[in-house]
Protein chains: 2
Amino acid sequence: MSDLLERLRGRGWRLTAQRRVVAEVLNGDHVHYTADEVHAKAADRLPEISRATVYNTLGELVSLGEIIEVSTDGRAKRYDPNAHHAHQHLVCARCGTIRDVHPSGDPLADLPAEQRFGFEVSAVEVTYRGICPNCASA
Amino acid sequence: MSDLLERLRGRGWRLTAQRRVVAEVLNGDHVHYTADEVHAKAADRLPEISRATVYNTLGELVSLGEIIEVSTDGRAKRYDPNAHHAHQHLVCARCGTIRDVHPSGDPLADLPAEQRFGFEVSAVEVTYRGICPNCASA
DNA sequence: TTCTTGACTTAGACATTATCCAATGTAGGA
DNA sequence: TCCTACATTGGATAATGTCTAAGTCAAGAA
C-alpha cells in the first residue's frame, strides 16, 4: 500500500493523515466497502475525519484509476481497490455480498461493430447475480 | 401494451387509472426512464398521481418480471420495459444515454463452475461504457 | 344497480446517500 | 521558519427512495 501512497505523491498529491487513513482502509483483496463503511473504519483511527473528506478522497482515487466505483444494488456505491487486475463481480441478491470473479473470454470482444452505434466503447462491467451458499442454506 | 394490462389483470391486478398511465408511459423500445421521469410523464396525463404510487407500481412491475431495473450510474435507477428480450446496455459515460445492445455469446456460460464459489448464479448484467457519437463530436 | 370490502392511492414526513460551501487548518516548498 | 495554495471540516442542502395513516375506489356479490 505504500506503493499507492508513493504513486499518489508522484502525481502531486499532498499527503495528509486523512488521505493516508482512507488509503489504508482500502488495502486488501476482496474489499468492497461503501463510502460510509470507509468513513467508519477511517474514523476508528482518526476520529475527527469528516464524511466530506472521505467522499473527496474516494472520488480522487477513482479519477486517478486507483480504485473502481461499483454500484451493484442501486443503493450506496462500493469502492473496489483491485483496479489493476481486470475482474468482474458476483453479487448475492439476498445479502449483497460481493466476490471478485474472473470469467473466461473477453466480453468486449462480444460486442460486434454494428452493435456499437458509433460509440467509442472503452470498458465493460459484468455483474453476475445469484444466491450465496450462506443465504441458500438459511 | 393492452397485452400488458391484460396480463396484469389475469394475475389479479386491480386495474386503476394510475397503473394504466404508468404502464402506458413505459410503452416502447429503448425507453429507460428514471422513476422521477415516469412520474413526470404520468402526471402529464393524470396530474394528481403521487410519487409513492409510481414507486409502488414500478416495484410491482419489476417483481412480476414485466420491466427490468437498471442502475447504470449509481444515481437514480432506470426502468427498462424490454424485459422479454435478453439484451444488455451501452451507456455514454458523458451524457448517460442508454442503448439496448445484443452481444454475441452467452456471458453466463463464461463463468466456470470453479469461479462460482457455491453461488446459485441466476442472472448476469453486462454494461458497456463509452462515449456516444454526439458527445464525441462536441 | 347498489353495496361492500380489501386493495389502492395520497400527501407529506422521514431515511439514506451524496454534494456543496465558507471558514479554518496544514503540507511542503522557498 | 514562514507562506500559501491546497485540504479539511461540519453543517446545510440536494437527490432519491420508503413509510404511514387516512381516505378512495375497482370489481365481485347480492
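Considering all non-hydrogen atoms of both residues, H87(B) and D80(B) come closest at NE2-OD2, 2.7 Å. Residues H84(A) and G65(A) share a closest heavy-atom pair of CE1-O, 4.0 Å. Nearest heavy-atom pair across V91(B) and F119(A) is C-CE2, 4.0 Å. Closest approach of S104(A) and P112(B) over heavy atoms only: N-CD, 4.3 Å.
Ion pairing of R11(A) with E66(A) is present here, as a side-chain N (NZ or NE/NH1/NH2) and a carboxylate O approach within less than 4.0 Å.
Backbone-only contact: R9(B) has heavy atoms under 4.0 Å from sugar-phosphate atoms and none from a base.
Under the rule for a ring-ring contact (aromatic ring centres under 6.0 Å, His included), the partners of H32(B) that lie at least two apart in sequence or sit in another chain are H89(B).
The nucleotide range of DNA chain D contacted by chain A, defined by atoms under 4.0 angstrom from heavy atoms of the protein and reported 5' to 3', is dA5(D) to dG10(D).
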**Q.** nucleotides 7-20 of chain C: protein proximity per nucleotide (B base, S sugar-phosphate only, - neither; heavy atom, under 4.0 Å)
**A.** BSSBB----SSBBB
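Checked by atom type and distance alone, the side chain of T53(B) never pairs as donor or acceptor with a backbone atom of I49(B) at under 3.5 Å.
Taking the side chain as every heavy atom from C-beta outward, V124(B) and T127(A) never approach each other to under 4.5 Å.
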